[in-house]
Amino acid sequence: MLVVFCPFASGYFLSFFFRNVNAVISRDLAQEFSLSPSDLGFLTSMYLLAFAAFQLPLGVLLDRYGPRRVVAALLCVAAAGALTFALARDFTTLSIGRALIGLGVSAGLMGAIKAFTLWFPLSRLASLNGLYLAFGGIGGLSATAPAEALVGPFGLRALFFVLAGLSVAAALLVFTVVPEKKLPGEGQTLRAQIAGFGEIFSSVPFWRIAAPLVVCHAGYLALQGLWLGPWLYDVAGQGRAAAANYLLITAAAYTLGSVFFGVSSDRLALAGVSRMTMFKLGLCVSVATFGLLAAGVQTALGAVLAVYGFTAISASLAYALLTPLFPPAMTGRVNTASNVMMFGVSFAFQWGVGAVLKFYPAADGRYAPEGYAAALTILAVLQLATLAWLLPMRQPGDQPRL
């Protein structure tokens, strides 16, 4: 745990911090660089676009060279992106910096899952993933009220200078502490590795499990990564400090849910309750609470956001369900195959919400509540569609390979 889990977790903490921090600094960015809502959505989603674009090459790299070297090298790219963002003076440079950050942290989860399959039995994979995602959740939590406390007196540029230094430190930790281990399928040709994606994408069980992960978790990323902050300002009428606290509640619940769904699904599997059942149950609650936000419900808002954050992470159980469906030599590729779609859709959702808001006139510096309702309703319907396809499914061979 100390030499494999913890070094990767430090990088994943930063990945989530980078992913979610724009929700807190959105107004600072919009004011300093005169950004429209679509500009802000595009800028923030550049992280997701670069992240998604690199997932398929990343799967090959992880299976071919191992997670230690790949993750360490990419974290150095994240450091360069944070430095570029801190020094930016125009929208183009900001976008380049944000894209480099997304590329640099693109192996944060996938590299760790590959390492876990090398060093731990798959019967512990859901628990390890859940605990690991909790570290990411803490990073997302730190990008709310704590980030606001730093940005207020020091400004967003100082924050990103610090993040650049922390990214370099995480890269050194992974490279110097994580041990090497012989890779399954070592010696396989590059062509054969690339051809493995054909087997993955032609699998119907892969699509039925991956689709809810892709669409439901992309909805969470679009909200927590950017649009929940403006929604709290413009629809719920919250001030800056209150909005940051609500974002903190959602991120904290997401962190707790990571541990709950990961650990409980492994333990309940031993008692005969399948991981698929937990996957479906969590997604049903998550989609229902997302629907409440789309409807503009503000009664017991803290509780609604807490339930949503807690259950949204249940989508990540897909990784533990997908991994046993394919040979050990393909773990990097099977998980990045789902991730490329998830972050591609997240990019579309994050940018798309801004594009929809642009059709509704803003007033007094606030985006129209009707625009939020239209955008979030579209996302809710898409989530319902993937859930409807999943619910009748029975997962074959739910018990993992040992």
Side-chain angles (χ1 to χ4, degrees), residues 8-26 28-29 40-55 58 71-88 93-112 132-148 150-151 155-171 173-174 217-218 220-229 244 247-248 250-251 254-255 339 342-343 346-347 350-351:
F8 286 110
S10 67
Y12 197 53
F13 172 95
L14 291 172
S15 175
F16 258 68
F17 192 102
F18 280 126
R19 186 182 302 172
N20 293 338
V21 71
N22 276 19
V24 167
I25 64 173
S26 59
D28 302 271
L29 289 169
L40 187 59
F42 179 82
L43 169 64
T44 304
S45 60
M46 284 301 292
Y47 169 109
L48 301 173
L49 181 62
F51 199 114
F54 196 64
Q55 287 302 294
L58 173 62
V71 172
L74 287 173
L75 282 171
C76 292
V77 176
L83 189 60
T84 302
F85 200 92
L87 296 172
T93 309
L94 275 177
S95 299
I96 292 171
R98 183 75 176 165
L100 286 173
I101 291 169
L103 173 62
V105 298
S106 61
L109 177 59
M110 300 297 98
Y132 189 77
L133 287 164
F135 273 82
I138 294 170
L141 186 151
S142 301
T144 58
E148 167 64 22
L150 290 173
V151 171
L156 65 90
R157 296 183 188 278
L159 174 64
F160 276 84
F161 281 124
V162 172
L163 290 170
L166 291 175
S167 299
V168 172
L173 187 63
V174 171
H217 205 253
Y220 172 83
L221 294 179
L223 280 185
Q224 188 70 11
L226 176 61
W227 290 114
L228 182 56
L247 288 167
L248 180 64
T250 312
Y254 181 93
T255 302
N339 244 28
M342 184 178 74
F343 283 93
S346 298
F347 167 80
Q350 207 164 74
W351 189 14

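What you are looking at is a predicted structure, and each value in this text was computed from that prediction instead of being measured. We count residues from 1, following the sequence as given.
Thr255 and Ala134 get closest at one heavy-atom pair: CG2-O, 3.3 Å. Nearest heavy atom pair, residue Ala72 against residue Ala171, reads O-CB, 3.4 Å. Here the shortest heavy-atom pairing between Trp227 and Gly41 reads CZ2-CA, 3.9 Å. Here the shortest heavy-atom pairing between Ala251 and Gln224 reads CB-NE2, 3.7 Å. Annotation for Ser10 and Leu173: closest pair OG-CD2, 3.7 Å, computed over non-hydrogen atoms.
Leu58 CG to Ser106 OG: the interatomic distance, rounded to the nearest 0.5 Å, is 5.0 Å. Atoms CD1 and OG, from Ile101 and Ser167 in turn, are 7.5 Å apart once rounded to the nearest 0.5 Å. Note: Glu148 CD to Leu248 CG = 12.0 Å, rounded to the nearest 0.5 Å. Taking OG from Ser45 and CG from Asn22, the interatomic distance works out to 10.0 Å, rounded to the nearest 0.5 Å. Expressed to the nearest 0.5 Å, how far CG of Leu94 lies from CE of Met46 amounts to 11.0 Å. From Tyr12, atom OH reaches atom CG of Leu75 across 13.0 Å, with rounding to the nearest 0.5 Å.
Looking only at atom types and distance, the side chain of Ser15 has a donor-acceptor partner in the side chain of Tyr47 under 3.5 Å away. A donor-acceptor contact closer than 3.5 angstrom links the side chains of Gln55 and Asn339.
Classified by interplanar angle (parallel below 30°, tilted 30° to 60°, perpendicular above 60°), the ring pair Phe42/Trp351 is perpendicular.
Counting heavy atoms from C-beta outward, Ile138 and Phe16 have side chains that stay 4.5 Å or more apart. Between Leu166 and Phe13, the closest side-chain pair of non-hydrogen atoms is not below 4.5 Å. Between Val105 and Leu74, every side-chain heavy-atom pair lies at or beyond the 4.5 Å cut-off. Residues Thr93 and Ile96 are not in side-chain contact: their nearest non-hydrogen atoms beyond the backbone lie 4.5 Å or more apart. Between Leu83 and Phe160, every side-chain heavy-atom pair lies at or beyond the 4.5 Å cut-off.
No side-chain donor-acceptor contact under 3.5 Å links Thr84 to the backbone of Gly97. At least one donor-acceptor pair under 3.5 Å links the side chain of Gln350 to the backbone N or O of Leu221. Formation of a donor-acceptor pair under 3.5 Å by the Arg19 side chain with backbone atoms of Gly136 is not found in this model.
With Ser26 as reference, Leu226 is the one residue of Leu226, Thr44, Val21 to meet the side-chain contact (heavy atoms from CB on, under 4.5 Å) rule.
For Tyr132, the OH atom counts as densely surrounded, since its 6.0 Å shell holds more than 12 non-hydrogen atoms of other residues, nucleotides or ligands.
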Please assess Ile25 against Asp28 for the test side chain to side chain contact (heavy atoms under 4.5 Å, CB included), listing each intermediate value before the final yes or no. CA-CA 5 Å; Ile25 64 173; Asp28 302 271; 4.2 Å; yes
Mind running side chain to side chain contact (heavy atoms under 4.5 Å, CB included) on Leu133 and Leu109 for me, showing each step along the way? CA-CA 8 Å; Leu133 287 164; Leu109 177 59; 4.2 Å; yes
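Separation of the Tyr220 and Tyr254 ring centroids falls under the 6.0 Å cut-off.
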